[in-house]
Amino acid sequence: MVGEEIYKLAKELYPILTSISGPGLRKFLETIKSHIPQLEIGGFPSGSECFDWTVPLEWKIDEAYIQELETGKIVVDLKNHNLHIVNYSIPVDQVLTFEELEKRLHYREDLPNAIPYITSYYSPYWGFCISYEQYKRLNRNSKYRVVIKSEHYPGYVNYGELYVPGKEDKEVVFSTYVCHPSMGNNELSGPSLTTFLAKRVLDKRGENRLSYRFLFLPETIGSICYISKNLERLKNKVIAGFVITCVGDPGKFSYIPSRYGNTLADKVALNLLDYEIVDYRRYTYLDRGSDERQYCSPGVDLPFCSITRTKYGEYKEYHTSLDDLNFITPDALEESYNFYSNIIDTLESNFVYVASQPCEPQLGKRGLYHNISDGTISDFYKTILDFLAYADGKNDLIDIANHIRKPAYRLIGVANLLKEHGLIRRVE
Amino acid sequence: MVGEEIYKLAKELYPILTSISGPGLRKFLETIKSHIPQLEIGGFPSGSECFDWTVPLEWKIDEAYIQELETGKIVVDLKNHNLHIVNYSIPVDQVLTFEELEKRLHYREDLPNAIPYITSYYSPYWGFCISYEQYKRLNRNSKYRVVIKSEHYPGYVNYGELYVPGKEDKEVVFSTYVCHPSMGNNELSGPSLTTFLAKRVLDKRGENRLSYRFLFLPETIGSICYISKNLERLKNKVIAGFVITCVGDPGKFSYIPSRYGNTLADKVALNLLDYEIVDYRRYTYLDRGSDERQYCSPGVDLPFCSITRTKYGEYKEYHTSLDDLNFITPDALEESYNFYSNIIDTLESNFVYVASQPCEPQLGKRGLYHNISDGTISDFYKTILDFLAYADGKNDLIDIANHIRKPAYRLIGVANLLKEHGLIRRVE
Amino acid sequence: MVGEEIYKLAKELYPILTSISGPGLRKFLETIKSHIPQLEIGGFPSGSECFDWTVPLEWKIDEAYIQELETGKIVVDLKNHNLHIVNYSIPVDQVLTFEELEKRLHYREDLPNAIPYITSYYSPYWGFCISYEQYKRLNRNSKYRVVIKSEHYPGYVNYGELYVPGKEDKEVVFSTYVCHPSMGNNELSGPSLTTFLAKRVLDKRGENRLSYRFLFLPETIGSICYISKNLERLKNKVIAGFVITCVGDPGKFSYIPSRYGNTLADKVALNLLDYEIVDYRRYTYLDRGSDERQYCSPGVDLPFCSITRTKYGEYKEYHTSLDDLNFITPDALEESYNFYSNIIDTLESNFVYVASQPCEPQLGKRGLYHNISDGTISDFYKTILDFLAYADGKNDLIDIANHIRKPAYRLIGVANLLKEHGLIRRVE
């Protein structure tokens, strides 16, 4: 079961302290590459300019802890959980009173057992994240030594890229992010599922009509840098793109549209959501929050949308240690994988069709219709007639599917059958 | 009352064993011609090609019965009901066991008193249709002689056509079908009402602005053949067409749109349905089932829709002997007749209007407005003002009626009044 | 508080017996001019032609009463209420029986204490309006002397006009009417509020981008005459216009659209109604009743709509003496004033914006974003991001506001901030 395999990869990625740059990120990407060796790992050099942004320094961290001086006990230790450190923290080695320490502690009173996930990429800062339970147990009267052995130095913001050329150079892009350490739904589910989607596309290498690009990027800075270096090609080639995130929990499917909700990506996703998933949550572009912010931005205007399970920000465990490997399930990952697989299959077969001649053809003589009639009609024959009714040279497979209220991928067989019988042809 | 006359014609047509071809069909058409002598009866020769179809042979049947050999009793006899025979059955004269006979019997357990209507036009077959009650009474231990004296031979698929030229050669088409024997709503109501609609149009010969064509066709094969021989003319001339079927029962009006629901036929029908009928059933093109399947098919693309009472397939008596002359009523037929008459009147007056000058005219000086004002306004004056408000050269009569939420035919008088006063003019 | 000042002006205008022409109307206009000295008072000469209309004579009235001859008592006297006379009545001095008198009396049985407001401009007529209570008290057996000392003579239909030029010659028009005497909501609220809106625009003379025109017209005849003399200029210059009436009662805001509801006037009004007012009544163009009838008529086609509180015709006191100064309140007038002020401010800033570069800018380095991130975002930062997301060169300020579901005038500050930071620019 592919869901199990995706889950296993998420588990493999879980211990890595990744970030927007540095050895942790590289290890994360190398782990993915161990599953899809064709993955190329690239990087944007620190200090270079990408649109309005300057590529940041690399960040490495060897150690981080808080020691209660009275007892000598290490009360918070990065070794125990990657989220204990404010991601991208500057180094520190100081002795502080509890009052001073407290200002550097992040916790969630509303979720007393959760370690929050905090970042500070663009403003020099250090801090620790702990559960509220941990916080309450700290000795108010002790002094504390805080140690963060981190380093910021010139290097790269790395990313992974896999391009699978098809018969046509029109591209479908799947973009996911790789900078969130040790959280299940947001974000290990994204790169794990995307890896197996890439494997599926690779397995059909040579058969694929469309070309596919899989991007594993640090969120925001990664997508901005990537877009800035590839904007013209993206604009010319990409016919649909999807941001893959939060695809591992068993919650309802959720849809975040492109800026105007009218791209091919939206169209193929909505057909599947409306007629296969049916019970899903429909957000607006105002609810966006991931890299579709960049792909759909003015001046970029790429046809991207995002289909998640429970959306980032919509579950209480979001951006805390409670979004762990128990929050995601192999079954949910498999459902999400199937969803995106259906999208791929639909796009592969999304031709405009036109009936070969006016009026209904005589299906009976081709064995495509019942010969003895009592005035009723089977679902299969009805689908054939309905497909023919909308094969008028104006509708692509998804349009036809929308007209007849079925998921488009379920009509691929009918389309092929009618084509073989010479009853429809593709419009080039 | 025209409803009574239409009903009488249905009664006259009821005994005829019609089919898609043969002497029964011709007798059916001749009966209609006896009411409208201008009707022309044409035919498509057996064996000729129409798009994907080959015109079938004629079918005649002289006798058909099942005899219980043990007693010599005729247990099923075509003489008793035209539906007892599977329409278009091949000849047979055999002795069968009950088990063998049973395979050739069609009945409806869910409707134990109904004889179902079964056809097999395009696959050689013979069979009998009986009620489930009859079936239960058959002696399981007897042998049976089955006799069908039918014949298939080269001839014609016949149809009736009436063309009533108007001042303009733009055509409105009414199409109905004539191949269903001995059923009231589906289908004697259709040709009967259409006959009287034709009489109404003939009565105004010389006055009609538009040209009218009335078609009495065997379903599917008839319309396909007719379209194949007349496609160019139909495409050039037809501005609206209607498939008339199931117009005799007292159920709610029902609307089956054209492929995209956006033709003049849909527009005129919807205006009347929305503002005169109000409480009606709105189907989609997926619910189509009659000759609109051909008229609206890709490559034909004619502006046809269909307005029925209870739609085919939506009542349990459908395609059985229970859809008889009791299922339809003179009142319902009259209401349906009035509906289609209003459509004709609306189309006759469906001009684009434009106000003769800017701002509201001074209606009071023309006696079209009350002179003493208390701030309220009568319905009639309000309608005048609203008509003028939308007479902007962009709206035809139906558009104006939709804007002011009234059935268009009720505005014909207002339009003429305003035109006589020089306050509006027609846009050519 | 401006609401109090508007109310005070309504009170000042209340005693004047205005009409569609004559010294009463002139006094009404002069009173407004005393508040905005820049107002120009113009006139259309009696007997001249305006489209379909002939400009009527002036009307003056010195005295009007009904005397019960038995007692000599004056039972109805114009001195007591301006509505006692049918507006524009011809002169009379007659002795009548009660039965004869009765035919000239207008009252409302359903509102026994209300004096109705009746007019007869275009048909020579005289009559009195009284409350039903007054009517019941009249002595059925007495004779009555009726005296109306009125006069119709050549002169002018006067109107007031104020033009405040801005940097651009594109005009916004506010039109209100001045012919209804002694009624609070319909109609003293209209010219009173419009006067203070004019003062607000005058106060910003030199700063205004757009030009503004304020029109104080007798209803119907005034607007028709004005349009007939200025049609070309109006068509070339006016980008939005509003009919101001019924803006003084504390009822819900109400919206009457332009003919098709798709002009800039509708757009700016709906944005404010949808996202600031929220709970309002939405009428259709069929519910129109004031001078939008002329501005939006075919051939004029100006972008006018009307936003009222409780709409004319929708409250029982309408067109009676009960629509008095108690029916309107300073608070409601202030709310309505603020509404129209927000419309002006929005139009002043209604530019099309485009982001300066692709992708989101780095807001943090400009102090426009929080640097330490826990995955949530403040409303202010969210608004900045959303504004940027829709600043794509296709949307004006109102479009952007509609996309992000806020009243446009509340985004003016954000737009200016982003412009100052060089993150967006205006599209000319």
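Predicted model only: the values in this text are computed from it and were never measured. Computed from heavy atoms alone, side chains included, the values below leave out hydrogens, waters and symmetry copies. Here is how names work: the chains are called A, B, and so on, in the same order as the sequence lines, proteins then strands, and each is numbered from 1.
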Polar contact flag, side-chain donor to acceptor under 3.5 angstrom, B:D323-B:Y315: yes
Neighbourhood of chain B inside residues 382-391 of chain A, taking heavy atoms under 4.5 Å as contact: A:K382, A:L385, A:D386, A:L388, A:A389, A:Y390, A:A391
Listed once per pair and sorted, the side chain to side chain donor-acceptor pair (under 3.5 Å) pairs that draw on residues 409-421 of chain A, sequence neighbours left out: A:E276-A:Y409, A:E276-A:R410
B:I221, part contacting chain A, at a heavy-atom distance under 4.5 Å: neither
Region of B:Y88 in contact with chain A, defined by heavy-atom distances below 4.5 Å: neither
Contact class of A:H370 relative to chain B, heavy atoms under 4.5 angstrom: neither
Which atoms of B:T320 approach chain A - backbone, side chain, both or neither, heavy atom under 4.5 Å: neither
Proximity breakdown for B:I227 and chain A, heavy-atom pairs closer than 4.5 Å: side chain
Whether B:Y159 and B:F44 hold their rings parallel, tilted or perpendicular, with breakpoints at 30° and 60°: parallel
Atom group of B:Y295 that falls short of 4.5 Å from chain A, counting heavy atoms: neither
Parallel, tilted or perpendicular: rings of B:Y177 and B:H180 (30°, 60°): tilted
Ring centres under 6.0 angstrom apart (B:Y312, B:H319): no
Donor-acceptor side-chain pairing of A:Y255 and A:D266 below 3.5 angstrom: yes
Donor-acceptor under 3.5 Å (B:K311 side chain, B:D287 main chain): yes
Close side-chain approach of B:I115 and B:F128, heavy atoms under 4.5 Å: no
Qualifying side chain to side chain donor-acceptor pair (under 3.5 Å) pairs with a residue from residues 297-309 of chain A, counting only residues at least two apart or across chains: A:R259-A:D301, A:R309-A:E335, A:R309-A:S336
Heavy-atom pair with the smallest gap, counting every atom of A:A265 and A:G241: CB-O, 3.5 Å
Closest-packed option against chain A by number of heavy-atom pairs under 4.5 Å, given B:V300, B:I224, B:T119, B:T54: B:T119
Residue B:F51 versus chain A: region with a heavy atom under 4.5 Å: both
Verdict with reasoning, A:K394 to A:V427, per side-chain contact (heavy atoms from CB on, under 4.5 Å): CA-CA 9 Å; A:K394 287 176 197 147; A:V427 177; over 6 Å; no
Interface residues of residues 343-361 of chain A facing chain B - non-hydrogen atoms under 4.5 Å apart: A:A355, A:Q357, A:P358, A:C359, A:E360, A:P361
Over all atoms of both residues, closest heavy-atom pair of A:T263 and A:P303: CB-CB, 3.5 Å
Side chains of B:Y260 and A:D392, donor plus acceptor under 3.5 Å: yes
